[in-house]
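Written out below as structure tokens is the structure these notes cover.
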Amino acid sequence: MKQLKKNTPLERLWNGIIKENPTFILMLGMCPTLAVTTGAINGLGMGLSTAAVLIMSNMVISLLRKVIPGGVRMPAYIVIVASFVTIIEMLLHAFVTSVYDSLGIFIPLIVVNCIILGRAEAYASKNKVIPSIFDGLGMGLGFTVALTLIGMVREFLGAGTLFGIQVIPDVIPPITIFILAPGAFFVLACLTALQNKLNAPSATNRPEGEASMACGGNCAKCAGSCGAGNHQAVISDVTARKEAEAQAAKAAAAEKKAAADRAKALQAEKAAQAAEKAVGGDNHD
């Protein structure tokens with residue numbers, strides 16, 4: 001595919017849905033991915049809810065990026081995200097009660113979804129409003145597609161239905177374990193194994209030097225630094241910190257040297273004064 005211009009709406013959509021899909025590529029937000037995908041409708045509902053929160057929170061955080069102090073940015077992000085999550089929860093409760101009942105506690109837990117906080121920290125807080133909106137839309141659609149597909153597989157194998165419609169005859173017994181908790185891990189394991197077999201990009205098989213993912217692309221050496229949106233941001237932060245530390249050490253060394261020079265000068269001055277007094281005393285004698 002032709003290289004897209006960075007930070008354009010189309011590039012942000014392509015990045016979120018395909019290039020850095022939060023579930024299939026970055027493997028973020030695994031808790032709701034495994035918990036709510038017992039059916040395609042549940043996956044679709046959770047994905048769209050998260051997408052709506054992503055879009056609105058990215059927009060507001062981008063608008064306030066120059067106002068929010070750096071020291072309180074994460075609490076500020078959480079307050080903004082929590083406000084939109086509350087709105088989405090109320091709307092689901094009022095108009096889509098069945099989805100609200102199915103998703104349960106995982107709706108308010110959108111507040112601490114690492115995808116939302118990661119995009120807020122890595123992208124929305126550093127870019128203009130329109131690209132941030134499309135970044136949230138792309139990541140939200142990527143998350144929605146992933147959850148819906150996983151939910152379809154689990155529902156098809158575990159219940160013989162798709163979106164609640166019977167597609168496998170009743171005479172063929174479904175594999176009910178796929179709609180239970182272990183089924184989520186089976187589907188995810190098969191997906192990851194297939195990606196690794198095909199050498200497809202994912203957080204589990206990218207070489208450390210080539211990784212540009214949130215976690216650095218090396219799960220074996222993960223340090224839990226997924227708050228940043230990509231590996232380059234982590235490297236930039238580390239480099240800037242090391243440069244600041246080097247400059248501080250250099251300044252401290254210069255100050256120490258200056259203090260030593262001043263001490264030597266003072267000692268030389270005292271020695272000269274003592275010698276002068278000694279010479280004066282000899283002349284007097």
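Ion pairing between a basic and an acidic side chain is recognised when a charged N comes within 4.0 Å of a carboxylate O; Glu11 and Lys19 show no such pairing.
Screening residues 121-167 for ring pair (Phe, Tyr, Trp, His ring centres under 6.0 Å), with sequence neighbours left out, gives no hits. Counting only residues at least two apart or on different chains, no salt bridge (Lys or Arg N to Asp or Glu O under 4.0 Å) pair has a member in residues 137-148.
With Arg12 contributing its side chain and Pro9 its backbone, the two residues share no donor-acceptor pair below 3.5 Å. At distances below 3.5 Å, at least one donor-acceptor pair connects side-chain atoms of Glu155 with backbone N or O atoms of Gly164. Remark: side-chain polar atoms of Ser132 are not paired, donor with acceptor, to backbone N or O of Met59 under 3.5 angstrom. Within the 3.5 Å criterion, the main-chain N or O of Asn127 finds a donor-acceptor partner in the side chain of Ser62.
Contact annotation: the side chain of Tyr77 never approaches that of Leu64 to less than 4.5 Å [non-hydrogen atoms, C-beta and beyond]. Between Ile87 and Met56 the shortest side-chain heavy-atom distance does not fall below 4.5 Å. Residues Met27 and Thr192 meet the side-chain proximity criterion, which asks for heavy atoms closer than 4.5 Å. Here the side chains of Met152 and Thr37 are not in contact, with every heavy-atom distance at 4.5 Å or above. Residues Leu54 and Leu137 have side chains not in contact (no heavy-atom distance under 4.5 Å, counting atoms from C-beta outward). You'll find the side chain of Arg65 stays beyond 4.5 Å of the side chain of Arg73, heavy atoms only.
Within 6.0 Å of atom CD in Gln166, more than 12 heavy atoms from other residues, nucleotides or ligands are found, so the atom counts as buried in its surroundings. In this structure, Met90 places its CE atom where only 12 or fewer heavy-atom neighbours from other residues, nucleotides or ligands lie under 6.0 Å away.
In this structure, Ile80 is not a member of the same hydrophobic cluster as Val72, with clusters built from ILVMFWY side-chain heavy atoms closer than 4.5 Å. No continuous path of ILVMFWY side-chain contacts below 4.5 Å connects Ile165 to Val153, so the two sit in separate hydrophobic clusters. In the hydrophobic clustering of ILVMFWY residues, with side-chain heavy atoms under 4.5 Å counting as a link, Ile177 and Leu191 come out together. Tracing side-chain contacts under 4.5 Å through hydrophobic residues (I, L, V, M, F, W, Y), one reaches Leu10 starting from Ile18; they form part of the same cluster. In the hydrophobic clustering of ILVMFWY residues, with side-chain heavy atoms under 4.5 Å counting as a link, Ile172 and Leu162 come out together.
Heavy-atom minimum distance, Ala51 versus Gly140: CB-CA, 3.5 Å. Pairing each heavy atom of Ala159 with each of Ile179, the nearest pair is N-CG2, 4.3 Å. When all heavy atoms of Asn58 and Ala124 are compared, the pair lying nearest together is O-CB, 3.6 Å. Considering all non-hydrogen atoms of both residues, Thr23 and Leu147 come closest at OG1-CD1, 4.1 Å. Between Thr33 and Leu28 the shortest heavy-atom distance is OG1-O, 4.5 Å. Between Gly183 and Arg154, the shortest heavy-atom distance links the atoms C-NE, 4.0 Å.
Atoms OG and CD1, on Ser83 and Ile88 in that order, are 12.0 Å from each other to the nearest 0.5 Å. Note: Ile55 CD1 to Thr50 OG1 = 11.0 Å, rounded to the nearest 0.5 Å. Distance check, rounded to the nearest 0.5 Å: CG of Asn21 to CG of Asn15 gives 10.0 Å. Note: Glu255 CD to Arg262 CZ = 7.5 Å, rounded to the nearest 0.5 Å. Atom-to-atom distance recorded for Asn7:CG and Ile130:CD1 is 12.5 Å, nearest 0.5 angstrom. Within the model, atoms CZ of Phe24 and CG of Leu188 stand 9.0 Å from one another, a figure rounded to the nearest 0.5 Å.
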Kindly list each side-chain donor-acceptor pair under 3.5 angstrom involving residues 98-118, sequence neighbours excluded, with atom names and distances?
from, atom 1, to, atom 2, distance (Å)
Ser102, OG, Ser98, O, 2.9
Asn113, OD1, Ile115, N, 2.9

Exercise. Are Leu44 and Thr144 close enough, and set up right, to give a side chain to side chain contact (heavy atoms under 4.5 Å, CB included), and what steps lead you there?
Worked result: CA-CA 6 Å; Leu44 181 63; Thr144 302; 3.7 Å; yes

